[in-house]
Peer 1: 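If you scroll down you'll find the structure; I have some questions about it.
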Amino acid sequence: MVIFGIENMTQDRPEQTSGSHRVATSGDIEVSTYLEIAKEIGGEQPTVAKEAIPTTEREAIIVVDFGSQYSLLIARRIRECRVYCELVSYDTPWEKIAPLNPKGFILSGGPASVYEPEAPLAPAYIYESHLPVLGICYGMQVITHQLGGKVTPATKQEYGHAILHVSAVDSPLLADLPASTAVWMSHGDQLEEIPPEFTALAYTENSPFAVMGSADKIFGLQFHPEVAHTPEGKQILKNFAYRICGCQGNWTMGNFITDSLFTIEQEIGEGKVVNALSGGVDSSVVATLIHRAIGNQLTCIFVNNGLLRREEAERTLNVFRQNLGMNIVYVDASERFLHRLKGVTDPETKRKAIGEEFIKVFEEEASKIGKVDFLAQGTLYPDVIESASSGSKASAKIKTHHNVGGLPARMTLKLLEPLRYLFKDEVRQVGLELGLPEEMIWRQPFPGPGLAIRIIGEVTKEKLEILRSADWIVMNEIKKAKLYRQLWQSFAILTDVKSVGVMGDYRTYGYLVAVRAVTSEDAMTADWARLPYDLLARISNRIVNEVSGVNRVVYDITSKPPSTIEWE
Ligand code: XMP
């Protein structure tokens, strides 16, 4: 059956950010959300531990960020070619870059115009290092401007598809490309003259210099090779990394694991590490990696807030305690959270209450462990780097452990963030290589406040049970239909609406359950999934038949925006 609206989904989901009224959270968000909320409790920031930068025959390509929305994507594409890549601001000093052993630079696109007085330009070391350089869009204009060519506002701006014709078939940058291929353009300025020593390597109808290059291994692309609309883009980036920069391609998750085990061991020594385990991808991978490195010096604290889905706590415990033999402190704090949520109906008050309670429980348990030196966190690369939005100074801003608050300050812990250089898809791969179950690795995101924000109004034990049963059916049917991984999220909501129904000879007055299934790339926008009618019918039938107290099911057909994914 064709399911409309989910064809374009990839399993490779970038990190998610929450909507305006929500707490900004990282990758798989569960625990970090609580820690984020804890910020409001106050306290100083902890000292950051020495970072575990991978060391295997170090080689890297550096993306110099001029503020393009695609800068991080370039880094991802390069990493997909098995070459380590970092994104740095254009004003980063050479001393910070040198330790990475750069093999080449990519100058990103950006919103500025090179001929404007304040336009960001490439630092001198880029050219003086004699390393290969690839300028993309604005990056190409920067090269042109700095090396003696001429950039002017285009008479015909080019946005969208164009056909690239390769004129220099023997250029290593364009090796293995067809004579013509589609590319994605997005530029208002154009190259009127390329710098001396450069030649045009390819052209489009509107851009005679769509690709340029020099014998010094400096190249420019007028289009964006990093986006999916440029089908040969990855080949071009691969050519740059391998044929021009001479990279070996040693950035594999296997190597990452080997390096991390070594660096974690070095860093921790005889110390003790504590980790808040949630069962989400990031916290699970962090725990497993650290456990592999230092065994029982790691203690995981798993707080059951009573807002988890059916069997969730048991399954998580089973994997980590039973199968992986980790040292886990399990706290069933369900009653405590329920008590705290009594009478609370406002969504944000719910979130805050849950966050604060989590911190208290976590702190209590952590203090029982004795002296602890490190707090492990599942911070990912996109959490660390945030490209400045267009128009502002183009810089890669470091959000220092943004999701840690009062907790570690009071406990004076150092942070251990072994995933801070990884993208989400890399984290998943690490998890798989460490032997974590697929089910855990491909888990759909689940909000930190759990079922509490899927129960409209006050959270009670009875309502939690109803929602767990309905949610179980949704999940079960979605998985049976093999749609689980294609959907960003799929779940049930227990509304506070009751309606009249009829069952047999009786009138009923029961709850209305809503089903939500969305497709999304990053949770910033989402569309409702066009689930097959038969599937919706099965879900609805099963819920009203199997979940007592529910007599009506509706399917949410609103996109985000204007809606949000969650109902609260
Ligand atoms: P919305 O509902 O804002 O959700 O479209 C976007 C993504 O964020 C998740 N979400 C949360 N995650 N704490 C979390 O850890 C929260 O308070 C929270 N609110 C929403 C939501 O499940 C979706 O993936």
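Worth knowing before you read on, the calculation uses all heavy atoms, side chains too, and leaves out hydrogens, waters and symmetry mates. Counting starts at 1 for both ligands and their atoms, following the listed order. Because the structure is a prediction, the values reported are computed rather than measured.
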Peer 1: Quick one: pull up CD in Gln444 and CD in Gln486 and give me the separation to the nearest 0.5 Å.
Peer 2: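 It comes to 11.0 Å.
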Peer 1: Kindly confirm or rule out an N or O of Ile565 lying under 3.5 angstrom from an N or O of ligand 1.
Peer 2: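 N/O-N/O distance below 3.5 Å exists for this pair.
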Peer 1: Please indicate whether Arg82 has more than 12 foreign heavy atoms, meaning atoms of other residues, nucleotides or ligands, lying under 6.0 Å from its CZ.
Peer 2: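 No.
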Peer 1: Ligand 1 and Glu566, any nitrogen or oxygen pair closer than 3.5 angstrom?
Peer 2: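 Between Glu566 and ligand 1 (N or O atoms, distance only) the closest approach is under 3.5 Å.
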Peer 1: Using the six-membered ring wherever Trp is involved, compare the ring planes of Phe423 and Tyr381 and label them parallel, tilted or perpendicular (cut-offs 30° and 60°).
Peer 2: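 The rings of Phe423 and Tyr381 stand perpendicular, inter-plane angle above 60°.
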Peer 1: Taking Arg468 first and then Glu312, would you say they form a salt bridge - that is, a charged N and a carboxylate O separated by under 4.0 Å?
Peer 2: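 So Arg468 does not pair with Glu312 through a salt bridge.
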Peer 1: Should you measure from each heavy atom of Trp488, which atoms of ligand 1 turn up under 4.0 Å away?
Peer 2: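 Result: 24 (O).
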Peer 1: Consider every N or O of Pro449 and every N or O of ligand 1, then say whether any pair is closer than 3.5 Å.
Peer 2: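 The answer is no, given that Pro449 and ligand 1 share no N or O pair closer than 3.5 Å.
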Peer 1: Scan side-chain atoms only and decide if Ser469 and Glu546 contain a donor-acceptor pair under the 3.5 Å cut-off.
Peer 2: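 Side-chain D/A pair, Ser469 to Glu546: absent.
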Peer 1: Give the atoms of ligand 1, by number and element, whose distance to some non-hydrogen atom of Lys560 is under 4.0 Å.
Peer 2: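 So the answer, numbered in order with elements, is 1 (P), 3 (O), 5 (O), 6 (C).
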